[in-house]
Each structure stands twice: as C-alpha cells, then as structure tokens.
J.: 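Once you've had a glance at the structure underneath, I'll fire off some questions.
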Amino acid sequence: MHAHTEDAPREDEAASTSSANAPKAKLASQPDPQPQAQQPSNDTADGIAITKPANDDLQYRHLVLPNNLRVMLVSDPTTDKAGAAMDVFVGSLSDPDAFPGLAHFTEHMLFFSSEKYPVEDEYTKFISDHGGTTNAYTAAEHTNYHFDVNWEALAGALDRFAQFFIAPTISEDGIER
C-alpha cells in the first residue's frame with residue numbers, strides 16, 4: 001500500500017531499474033537536495049547539458065517523448081531493482097477553494113484501478129507480488145508517484161503505472177471510502 005507525506009522522497013526512495021545482463025537504470029524525479037560539488041557531464045540530449053556531482057559514476061540521458069513528456073534515465077549498474085517516478089506539476093496549492101484537499105484525494109484515487117486494469121488494487125498487488133513497493137506524495141506544487149520492482153517485472157509495472165495517467169477509473173464506492 002502507499003503512504004502519504006508532505007515531504008519529497010528520500011534519496012534512497014529514488015526509483016531504479018536493473019538487469020543482470022543489461023545496463024541498469026533508474027528514472028530520477030527529483031534533484032538531490034544535498035549541495036555537492038558539481039561538474040558538467042558529457043551527457044547531452046535535445047540540447048540539454050546534464051550536470052552531476054563529481055563523485056557520481058551514474059550515466060544520465062534526457063529524452064523528450066513524442067507527447068512532449070520529459071524523461072530522465074539514470075543508469076546504475078549496481079542496483080537489482082527497476083522503477084519509475086512521475087512528477088505532476090499540480091499540488092495542494094492548485095486545490096480549488098471549494099474543494100480543499102483535491103490534489104491529495106486524487107493522488108490516492110489513482111491507485112485504485114484503470115480502464116485497462118479494472119480490478120481494484122491490481123497495480124499495488126502486481127508491484128508487491130514482484131518484490132516492489134509503491135508510494136506517492138502531494139506537496140504544495142507537485143504530486144509524485146513512484147515505484148520499484150524486480151527488474152523482470154518492469155514492463156508490466158510500467159504498463160500498469162502508465163494507466164494511472166491514461167485512463168484512471170474512480171468509482172463512487174472508492175470515493176465514499
């Protein structure tokens with residue numbers, strides 16, 4: 001099950017991907033809050049230079065998908081998990097006056113089901129059954145959803161995760177609970 005906090009996730013909660021035979025990667029959703037010595041990396045994509053700490057051996061790649069979704073891939077050959085995070089630039093400060101708490105409420109409701117996966121809690125069960133965890137938080141200007149899972153289950157986890165944002169279903173029963 002997921003938990004809610006008002007704070008950004010800890011660095012150890014950053015989502016990651018891996019494989020025994022392939023480069024391992026993680027999707028980064030938030031910058032490291034700790035100030036560190038920075039050096040420009042040689043990694044660039046779409047004209048974006050990626051800056052990282054001098055002691056950071058990870059590889060980074062920035063992509064812009066056809067739907068203009070910006071993606072940051074982070075390769076970490078030492079991890080045994082895979083994961084993803086989606087940061088939505090809408091948080092509690094966007095709540096309408098008539099509906100305080102709407103962003104947080106929506107955060108929780110997206111975990112229930114989607115058109116493609118209509119069984120309630122299918123996403124959470126899939127992640128748990130494949131060695132992973134899910135979480136989300138609503139902050140003032142952002143809502144962040146993230147998960148980690150065993151590498152072999154990444155494709156299924158990403159498909160279920162994407163359905164949160166493609167075609168979520170929110171039942172009256174779910175709203176009442």
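Side-chain atoms are counted along with the backbone in the values below, which use heavy atoms only and exclude waters and symmetry mates.
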J.: Measuring from D57:CG to T78:OG1, what's the distance to the nearest 0.5 Å?
T.: 9.5 Å

J.: With sequence neighbours left out, what residues match F161 under ring-ring contact (aromatic ring centres under 6.0 Å, His included)?
T.: F147, F164, F165

J.: Main chain of A136, side chain of N144: is a donor-acceptor contact present, judged purely on distance under 3.5 Å?
T.: no

J.: Under 3.5 Å, side chain of D95 to main-chain N/O of A103, donor-acceptor pair present?
T.: yes

J.: Under the side chain to side chain donor-acceptor pair (under 3.5 Å) rule, what do S114 and T169 come out as? Steps first, then yes or no, please.
T.: CA-CA 5 Å; S114 65; T169 56; over 6 Å; no

J.: Do N150 and K81 have side chains that get closer than 4.5 Å, going by heavy atoms?
T.: yes

J.: Go through the structure and list residues passing side-chain hydrogen bond (donor to acceptor under 3.5 Å, both in side chains) with Y117, not counting sequence neighbours.
T.: D159

J.: Hey, does H62 have a side-chain heavy atom less than 4.5 Å from the side chain of I50?
T.: yes

J.: Let's go through T134 and F111 carefully: what are the C-alpha distance in whole Å and the side-chain angles of both, what is the deciding distance for side-chain contact (heavy atoms from CB on, under 4.5 Å) to 0.1 Å, and is it a yes or a no?
T.: CA-CA 9 Å; T134 67; F111 277 84; 3.7 Å; yes

J.: Does atom CG (D97) have a neighbourhood of more than 12 heavy atoms from anything else shown, all under 6.0 Å?
T.: no

J.: Report yes or no: do L69 and L154 belong to one cluster of Ile/Leu/Val/Met/Phe/Trp/Tyr joined by side chain heavy-atom distances under 4.5 Å?
T.: yes

J.: Are L65 and L73 connected, step by step, through hydrophobic side chains (Ile, Leu, Val, Met, Phe, Trp, Tyr) whose heavy atoms are closer than 4.5 Å?
T.: yes

J.: To check you understand the geometry: which heavy-atom pair defines the closest contact between L102 and P96, and what is its length?
T.: CD2-CD, 3.9 Å

J.: Nearest 0.5 Å, please: how far is OG in S94 from CD in E141?
T.: 8.0 Å

J.: Taking C-beta and beyond as the side chain, do Y145 and V88 meet within less than 4.5 Å on heavy atoms?
T.: yes

J.: Taking only residues two or more places apart in sequence, or in another chain, which ones meet T106 in a side-chain hydrogen bond (donor to acceptor under 3.5 Å, both in side chains)?
T.: none

J.: Stepwise, does the side chain to side chain donor-acceptor pair (under 3.5 Å) test hold for T138 with E107?
T.: CA-CA 7 Å; T138 300; E107 169 207 316; 2.3 Å; yes

J.: Is K52 reaching over with its side chain to a backbone N or O of L58, donor-acceptor style, under 3.5 angstrom?
T.: yes

J.: Treat each ILVMFWY residue as a node, draw an edge where side-chain heavy atoms are under 4.5 Å apart, and state whether L93 and Y137 are in one component.
T.: no

J.: If you take all heavy atoms of V149 and I127, which pair is closest and at what distance?
T.: CG2-O, 4.2 Å

J.: Verify the distance criterion only: is there a donor paired with an acceptor across the side chains of D87 and H142 at less than 3.5 Å?
T.: yes

J.: Going hydrophobic residue to hydrophobic residue with side-chain gaps under 4.5 angstrom, can you get from M86 over to L63?
T.: yes

J.: Could you work out, with side chain to side chain contact (heavy atoms under 4.5 Å, CB included) as the rule, every residue matching D129, not counting sequence neighbours?
T.: K125

J.: Mind checking what makes side-chain hydrogen bond (donor to acceptor under 3.5 Å, both in side chains) contact with E122, not counting sequence neighbours?
T.: R160

J.: Testing the basics here: between A157 and F126, what is the closest heavy-atom pair and its distance to 0.1 Å?
T.: N-CE2, 3.4 Å

J.: Please name all residues satisfying side-chain hydrogen bond (donor to acceptor under 3.5 Å, both in side chains) with E120, sequence neighbours left out, ordered by chain then number.
T.: R177

J.: Is I166 reachable from F112 through a run of I, L, V, M, F, W or Y residues, each pair having side-chain heavy atoms under 4.5 Å apart?
T.: no

